[in-house]
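What follows is a short report on a single structure.
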Amino acid sequence: MAKFRKIGVLSSGGDAPGMNAAIRSVTRKALQSGIEVMGIRGGYEGLLNGDLVKLDTHAVSQIITHGGTVLYSSRSPRFKTPEGMNLALKTCEDNEIDAIVAIGGDGTFRGATDLTNHGIPSIGIPGTIDNDITATEYTIGFDTAMNTVLGMIDALRETCESHNRCNVIEVMGRDCGMIALYSGISTGALAIAIPEIPFDEKYAIEKLIAARMQGKRGLIAVTSEGMKPVEGGKNYSEYFVEQIESISGIETRFARCGHIIRGGAPTIRDRVMATEMGYEAVNELLAGKSNEVICYIDGKIKPVDINYALILDRMYKNKLVDGDLDKFTADDIAKMRETCSHRSAMIRHMYQMAMDISF
Ligand code: ADP
């Protein structure tokens, strides 16, 4: 069993509800294992500046109920530079931090790998509302964000129903359509536009018209912010609103569920998942493991090597560059391909199902 005296925990990149539950779990599990915990404030930037706070068991009391992150978050371009890394290592040395748990997305995991390579064993926990990390079927914050979107779309649908209107709602997710897909399904949207599936705009508008002709009043279309802009750089969702109005004549409004869906009290799913992932992260460190991201696969919490996770992600997003696969065995590569096709098939299936029963 690895011997650590003190570990650091940080949250980095975009915040997500449930990050606090992960911080609490990491802290309590470490303390219970005889390890001190330092909270690093403002992501990697706090590591550069030595912005640390000692976390005892009371410091993490009651935070499980709150969205955001009590350790704050930031983007830290400085951390990616050699000077930044030196400052980070100095902070670890000065404060006797032996290992780090970093909660965030793929950028955060790259930082964790860099730290591990420089002698600070690090473990990542996936915290992002986007659910866009291919290695894991779930990322902390996704469920809460979707429930927030759900409330907003349900409310919009009521007013659309009253006024015989259509509403296009664009939701966050960067280049990943998961939030749009799931919230579209759960609000009974007639059209869903996500970057992963070619969007048949003509068919979508025909469906809106057909629904209206059969007396449906409240019409909902959900679009992902990741949809490619149209020619001239116009945002796709706004363009889609214009297309619906000009082709169908149906009065159509636009709403964007932006950063508001990043906040709010975490749901049970996010609290429990974050607790499990935080607990497992410390267990892995105790077992002498590092450079892993704690994933959720096939109903189980499973650690996955960060390098594997990052390359898998690039494979899924068609962003592999020469040499990316060189360090992996044929078995690894076959497993990566299988994960990618499994994820694509799942999205296609969910999308098809949503379209089949939307009207
Ligand atoms: P997320 O973790 O949500 O993907 P970012 O991509 O902004 O968010 O990454 C969060 C932080 O992780 C960055 O501000 C930076 O400090 C660190 N980071 C990102 N990419 C790298 C990298 N290639 N090498 C080292 N650190 C990185």
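The structure presented is a predicted model; accordingly, all values stated were derived computationally and were not measured. In each ligand, atom 1 is the first atom listed, and ligand 1 is the first ligand listed.
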*Gly14: numbered ligand 1 atoms lying under 4.0 Å from its heavy atoms*: 3 (O)

*Which ligand 1 atoms, with their elements, are less than 4.0 angstrom from a heavy-atom of Ser76?*
13 (C), 14 (O), 15 (C), 16 (O)

Sequence neighbours excluded and cut-off under 3.5 Å, please list the side-chain donor-acceptor pairs for residues 149-162, or say none.
from: Arg157; atom 1: NH1; to: Thr187; atom 2: O; distance (Å): 2.8
from: Glu161; atom 1: OE1; to: Gly218; atom 2: N; distance (Å): 3.3
from: Ser162; atom 1: OG; to: Glu158; atom 2: O; distance (Å): 3.1

_For ligand 1 and Gly107, I'd like to know whether there is a polar contact (N/O to N/O, distance under 3.5 Å)._
yes

_Test item, Thr128 contacting ligand 1 (heavy atom, 4.0 angstrom)_ = no

*asked:* To the closest 0.5 Å, what do you measure between CG (Leu89) and CD1 (Ile120)?
replied: 6.0 Å

*Check whether any N or O atom of Arg75, backbone or side chain, sits under 3.5 Å from an N or O atom of ligand 1, and answer yes or no.*
yes

*For atom CZ of Arg217, decide whether the heavy atoms of other residues, nucleotides or ligands shown that lie under 6.0 angstrom number more than 12.*
yes

_Considering non-hydrogen atoms of the protein only, which is the closest contact for atom 25 (C) of ligand 1, and what is the distance?_
Asp114 OD2, 3.1 Å

*Quick one: which ligand 1 atoms are inside 4.0 Å of a heavy atom on Gly111?*
25 (C), 26 (N), 27 (C)

_We want to know whether Asp270 and Thr144 form a side-chain donor-acceptor pair, criterion being a heavy-atom distance below 3.5 angstrom._
yes

*asked:* Is the distance from the ring center of Phe142 to that of Tyr182 below 6.0 Å?
replied: yes

_Which of the numbered atoms in ligand 1 are under 4.0 angstrom from any heavy atom belonging to Phe79?_
16 (O), 26 (N)

*Grab the two heavy atoms, one from Ile306 and one from Ala112, that are nearest each other, plus how far apart they are.*
CD1-CB, 4.0 Å

_Side-chain heavy-atom pair Ile301, Ile294 within 4.5 angstrom cut-off_ = yes

*Do any nitrogen or oxygen atoms of Ser74 lie less than 3.5 angstrom from nitrogen or oxygen atoms of ligand 1?*
no

_Give me the residue, atom name and distance of the protein heavy atom closest to atom 20 (N) of ligand 1._
Lys80 CE, 3.4 Å

*Any nitrogen or oxygen of Gly104, main chain or side chain, under 3.5 Å from a nitrogen or oxygen of ligand 1?*
no

*Top protein contact for atom 23 (N) of ligand 1, by heavy-atom distance*: Arg110 CD, 3.3 Å

*Cation over ring face, Lys335 and Tyr308, 6.0 Å, 45°*: yes

*Can you list the ligand 1 atoms lying under 4.0 Å from a non-hydrogen atom of Gly105?*
1 (P), 2 (O), 3 (O), 4 (O)

*Looking only at heavy atoms, what is the nearest atom pair of Glu245 and Thr252, with distance?*
OE2-N, 2.8 Å

_Looking at every heavy atom in both Ile244 and Cys166, which two are closest together, and how far apart are they?_
CD1-SG, 4.3 Å

*Does at least one non-hydrogen atom of Ser12 fall below 4.0 angstrom from an atom of ligand 1?*
yes

*Can you find an N or O of Thr108 that's nearer than 3.5 Å to an N or O of ligand 1?*
yes

